[in-house]
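Worksheet: one structure, shown below.
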Amino acid sequence: MAKYKAVVWTDVYKIKVVEKPTPKPGPGKVLLKIKAAGICGTDLHILAGKHPEAKPPLVPGHEFAGVVADVGKGVDKKLIGTRVGSDSYLGCGECKYCLARRPQLCEKGTREIGINVDGGWAEYVVAPRENIYMLPENVDFSLAGAGCILNCPMAAIETVKVEPGDIVLIIGDGPSTLIMIQLARLKGASKVIIAGHREGRLSLALELGADQVINTHSEDLSKLINSLPRKPHVVIDAVGKAETFAMALSLAGREGRIHLFGLPEEPANNIPLHLLLFKELTIVSSTGAPALWQASMDYISRGYIKVAPIISHRFSIDKAPEALEFIMNNPKEIIKAIFEMNGR
């Protein structure tokens with residue numbers, strides 16, 4: 001029986017490369033030969049044992065792109081050989097949310113490839129036909145494989161409704177922030193401000209369209225924002241800690257809109273809820289938006305969004321344990337890392 005290589009998470013911060021039997025796609029599913037798979041902040045939460053849905057042993061990887069290698073019953077064989085990416089959410093396919101292409105809210109319970117179903121840190125993965133989206137010929141596998149730094153920021157910008165003229169503050173300098181800068185610009189934001197502490201990422205933020213960056217390790221974020229003639233219309237907490245969410249409430253202007261984007265690791269305490277009341281703030285959240293995948297590919301294809309500068313490191317899955325060690329030991333150097341495989 002043919003076999004393929006996969007990275008398996010076995011315990012806290014422990015992974016190994018194994019060989020597994022190559023799967024056959026069932027009815028309504030496709031087998032993808034993976035060319036690129038993203039290494040996401042959520043994956044690091046999983047490897048640390050901090051994701052509530054993920055349990056070892058598991059093949060991580062909810063961001064991936066490749067070529068359709070085989071199809072199951074009911075799927076058009078013409079798809080074989082097609083360049084595609086895949087969404088990771090798995091719903092029932094029958095409830096009102098799934099029918100509206102919002103499986104992340106499935107009434108019967110959402111599962112996710114790479115989180116509670118084996119994912120894309122492997123040479124092959126099986127995904128539902130409805131999850132895949134087509135890659136334009138000028139979009140490299142690595143750009144689509146960067147995954148949710150495209151889809152999740154698009155969902156966030158749409159959910160928080162960035163409008164022309166808005167002042168947008170994003171707290172956090174992760175790779176998703178670097179995409180949100182560009183999307184906010186496309187929406188007509190008049191000023192985009194990034195608060196973070198990693199100089200390399202802050203410099204890249206300016207290159208990608210930020211008007212101002214604030215190093216929170218050497219500058220007073222509150223003082224600088226409060227000195228503006230107009231406080232932000234939109235504040236996005238891309239960190240997900242109690243202190244950053246409290247900061248978002250404090251720095252948003254009256255009738256401001258706040259998006260909780262970062263993945264919280266624990267319940268938040270000491271939140272100044274009176275600010276929510278007296279400033280009449282709106283708080284929203286989102287995870288992803290499967291219906292926006294094709295739009296994100298179009299944005300990249302047309303040059304509206306630049307992803308290549310954000311991908312700082314590329315690794316082979318054969319060296320996955322060494323890659324994880326490097327990522328954990330060099331947080332200031334890493335922006336977005338991906339695995340490349342299958343002769344990529």
Side-chain angles (χ1 to χ4, degrees), residues 3-23 25 29 31-66 85-90 104 109-128 131 141-142 144-149 151-152 174-176 240 262-266 287-288 311-331 333-342 344:
K3 293 188 176 182
Y4 73 105
K5 292 178 182 177
V7 179
V8 177
W9 171 50
T10 59
D11 204 343
V12 174
Y13 289 128
K14 292 183 179 179
I15 57 175
K16 63 180 180 180
V17 181
V18 304
E19 287 193 342
K20 298 166 70 76
T22 304
K29 296 185 178 181
L31 177 67
L32 301 185
K33 186 175 184 179
I34 303 300
K35 295 291 187 177
I39 303 170
C40 177
T42 300
D43 295 320
L44 299 182
H45 279 82
I46 290 171
L47 299 183
K50 295 180 178 179
H51 195 294
E53 300 294 327
K55 307 295 179 186
L58 173 76
V59 178
H62 57 281
E63 311 172 328
F64 48 89
S86 175
D87 187 68
S88 59
Y89 288 112
L90 303 173
Q104 73 274 21
T110 302
R111 295 182 302 151
E112 193 167 355
I113 299 171
I115 292 180
N116 39 30
V117 175
D118 281 350
W121 287 8
E123 292 178 316
Y124 288 90
V125 70
V126 173
N131 283 47
F141 289 115
S142 64
C148 64
I149 71 163
N151 190 263
C152 295
S176 289
L263 177 63
E265 293 184 358
E266 56 188 18
T287 51
I311 300 174
S312 59
H313 292 77
R314 301 164 188 257
F315 300 102
S316 162
I317 62 167
D318 292 313
K319 301 293 184 181
E322 294 90 337
L324 174 62
E325 183 178 359
F326 181 86
I327 290 169
M328 299 303 299
N329 292 333
N330 297 274
E333 188 174 340
I334 294 286
I335 301 178
K336 177 68 178 183
I338 63 171
F339 287 120
E340 293 185 319
M341 57 209 82
N342 283 315
R344 176 66 185 87

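Side-chain atoms are counted along with the backbone in the values below, which use heavy atoms only and exclude waters and symmetry mates.
- Here the side chains of I39 and W121 are in contact, with some heavy-atom distance below 4.5 Å.
- Between the NE2 atom in H51 and the CH2 atom in W9 there is a gap of 9.5 Å [rounded to 0.5 Å].
- Between the OG1 atom of T42 and the CD1 atom of I115 there is a distance of 6.0 Å, given to the nearest 0.5 Å.
- Residue E322 places its CD atom among more than 12 non-hydrogen atoms of other residues, nucleotides or ligands, all under 6.0 Å distant.
- Contact check for I113 versus L90: side-chain heavy atoms found under the 4.5 Å cut-off.
- Taking the side chain as every heavy atom from C-beta outward, C40 and I149 never approach each other to under 4.5 Å.
- In terms of heavy-atom proximity, P321 sits nearest to V17 at CD-CG2, 4.1 Å.
- Of the inter-residue distances, the one linking M341 atom CE with S316 atom OG reads 8.0 Å to the nearest 0.5 angstrom.
- The shortest side-chain heavy-atom distance between N330 and H313 does not fall under the 4.5 Å cut-off.
- Here Y124 pairs with nothing under the side chain to side chain donor-acceptor pair (under 3.5 Å) rule; sequence neighbours left out.
- Under the side chain to side chain donor-acceptor pair (under 3.5 Å) criterion, K5 pairs with D318, sequence neighbours left out.
- Panel note: side chain N131, backbone D87; a donor-acceptor pair is recorded below 3.5 Å.
- Minimum heavy-atom separation, Y89 to G288: OH-N, 3.8 Å.
- Across all non-hydrogen atoms, the minimal contact from A320 to I15 is O-CD1, 3.6 Å.
- For the 3.5 Å distance criterion, the side chains of S88 and E112 qualify, holding a donor opposite an acceptor.
- Note that the CG atom of N342 and the CD atom of E123 stand 5.0 Å from one another [nearest 0.5 Å].
- Atom CG of residue L44 and atom OH of residue Y13 lie 7.0 Å apart, to the nearest 0.5 angstrom.
- In this structure, CG in D11 is found 11.0 Å from NZ in K16, a value given to the nearest 0.5 Å.
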After noting the C-alpha distance and the side-chain angles of L324 and F315, does the key distance pass the side-chain contact (heavy atoms from CB on, under 4.5 Å) rule? CA-CA 10 Å; L324 174 62; F315 300 102; over 6 Å; no
Pair up each side-chain donor or acceptor in residues 53-65 with any protein partner under 3.5 Å, not counting sequence neighbours, and list the distances.
{"from": "H62", "atom 1": "ND1", "to": "D43", "atom 2": "OD1", "distance (Å)": "3.3"}
{"from": "E63", "atom 1": "OE1", "to": "K336", "atom 2": "NZ", "distance (Å)": "2.8"}
{"from": "E63", "atom 1": "OE2", "to": "C148", "atom 2": "N", "distance (Å)": "3.0"}
{"from": "E63", "atom 1": "OE2", "to": "K336", "atom 2": "NZ", "distance (Å)": "3.3"}

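- Not one N or O on the side chain of K35 forms a donor-acceptor pair closer than 3.5 Å with the backbone of S142.
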